[in-house]
Amino acid sequence: MSAALVVGTQWGDEGKAKVIDYLSAQIDCIVRYQGGANAGHTVVVDGETYIFHLIPSGILYPNATCVIGNGVVLDPGAFSDEMEALKKRNIDVMGRMVISDACHIVLPLHRIIDAHRENSAGSKKIGTTKRGIGICYGDKTMRIGLRVGDLSHANKLRDRLGHILEIKNHELVNLYKLPEVSFNELYDSLLKFGETIRPMVKNTSFYLNEKLASGKTVLLEGAQGTGLDIDFGTYPYVTSSNTTTGGAIAGSGIDFRYLKTVTGISKAYVSRVGEGPFPTELFGADGDKLRELGHEYGATTGRPRRCGWFDVELVRHAARVNGLTEIALTKIDVLSPYDTLKIGVGYKRDGVKLPAFPSDGDLDGITVEYEEMPGWKSEIGHVLKYADLPKACCNYIKRLEELCGVPIKIVSVGPGREHTIALA
Ligand code: GDP
Ligand code: IMO
Ligand code: MG
């Protein structure tokens, strides 16, 4: 009957999966629409931690169906590993999962090229997850990609893969000086993977619109964040998909008129992993302190995340490009030990205030104007109601709401499903 969307408003790892898990209790279908195994989505239920990369976090609800939409790039190895790991934890994926036949496949050579380019880029590296994401989306756009639907017929796969390898082997050998990929081995493994997933493969746009028309609810699970969007992020230090609302429609194929809420997930501070500008970043002991308090280490690569103060200009930008109807503010408990908190309220360049987050994502030479607020200096992880939060904490939340111009409807005070406060 209606669709809801959850998007990251910063540079990823905002706590999207934690909020998606909270919202999924009432949802029939949870859908990934972009990105791939570069995502690391953590959910904590009854003290058990689950980290998802490709499979939507809604799989933890036994009655929900999970969909990998056409906009996702599907890595057969990563998907199979994740499915196996969940099976070991008694979670059935096979029977509750639907995969789009239009999904592009991440080939091992995409990972090889991604890693090779990163390792040889020196100061020009992006800091990718080396999961082959950008290379796979590049081939999609170049129209030399392999899709899930191509795996369904041996002859079709033979023909398509042969064409792709002719081009990619030329690139591997002549451009990167890397060994070429053998056709037979890759063909066999893809054919086998195709057989494994065949019962799950569907026209997911049709499937989802039918569900919506019959009164079912759909939640679209964003990966990464607005600052990493290929168009609206800090290019070239971005991922290779549209992480924002437009990407959710294009990557799921739902009729946009079903979309009723767009929840932006904002961490009460900011983190970033990989290279790229970060105006409110904290360095040295200040950065280390926030990283340790927030346990900010990558859920996919284990890399330490860069940390800094809340950046209003970034979230305002996310509010605009996503059409946010509400914000879920996460990890506010992490700020409890601070005497005072800073909020980045605006950008200046050459002493002149910028009207908005720069559309070219170029943040060089930016200085940030800060506001300072008193902290609350008490643990809040156990608090269940907004009214029971310390006054200074409510003031911080209300000030962020005012500055971002979007109502804050959910406040998260811990990693668990139960650590979630809904605001009236
Ligand atoms: P995602 O990629 O946006 O889903 O976020 P990640 O899972 O990569 O990173 C968020 C991390 O913060 C995970 O370890 C979560 O368990 C944790 N987390 C989420 N919300 C909260 C919160 O409100 N408080 C605390 N302390 N941890 C949280
Ligand atoms: P979730 O969904 C944080 C970053 C990488 C790198 C850039 C490009 O967990 O929020 P890529 O491998 O996509 O080509 O890398 O994007 N990145 C993420 N950062 N969270 C993520 O996902 C990310 N996915 C990619 O670190 O800077
Ligand atoms: Mg993550």
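Worth saying up front: this structure is predicted, and the values here are computed from it rather than measured. Start at 1 and go down the list; that is how both ligands and their atoms are numbered.
- Residue-level proximity to ligand 1 for V413 is carried by the backbone, the only part with a heavy atom below 4.0 angstrom.
- Ligand 2 lies out of reach of T301, whose nearest heavy atom is not under 4.0 Å from it.
- With a 4.0 Å cut-off on non-hydrogen atoms, K18 touches ligand 1 through its side chain and not its backbone.
- Scanning the protein for heavy atoms near atom 22 (O) of ligand 2, the closest one is Q224 NE2, 3.5 Å.
- The closest protein non-hydrogen atom to atom 20 (N) of ligand 2 is D13 OD1, 3.1 Å.
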Side chain to side chain contact (heavy atoms under 4.5 Å, CB included) between I99 and L74, intermediate numbers included: CA-CA 9 Å; I99 302 175; L74 183 70; 4.0 Å; yes
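- The protein non-hydrogen atom at the shortest distance from atom 15 (C) of ligand 1 is T42 CB, 4.0 Å.
- Residue contact annotation: A299 has no non-hydrogen atom under 4.0 Å from ligand 2.
- Residue G127 approaches ligand 2 through these ligand atoms, each under 4.0 Å from one of its heavy atoms: 5 (C), 6 (C), 26 (O), 27 (O).
- Residue contact check for ligand 2: Y237 places no non-hydrogen atom closer than 4.0 Å to it.
- Protein N/O/S atoms closer to the Mg ion (ligand 3) than 2.8 Å number 2 in this structure.
- Residue G8 places every heavy atom at 4.0 Å or more from ligand 2.
- Contacts between H41 and ligand 2 below 4.0 angstrom, taking non-hydrogen atoms only, involve the side chain exclusively.
- Against a heavy-atom cut-off of under 4.0 Å, V273 is close to the following atoms of ligand 2: 3 (C), 5 (C), 19 (N), 26 (O), 27 (O).
- Between K130 and E118 there is no salt bridge, since none of the side-chain N atoms of the basic residue sits less than 4.0 Å from a carboxylate O of the acidic one.
- With hydrogens left out, the protein atom closest to atom 17 (C) of ligand 1 is K331 NZ, 4.0 Å, a heavy atom.
- Residue contacts with ligand 1 for E296 are absent, since no atom lies close enough (heavy atoms, distance under 4.0 Å).
- Residue contacts with ligand 2: R303 is included, with a non-hydrogen atom under 4.0 Å away.
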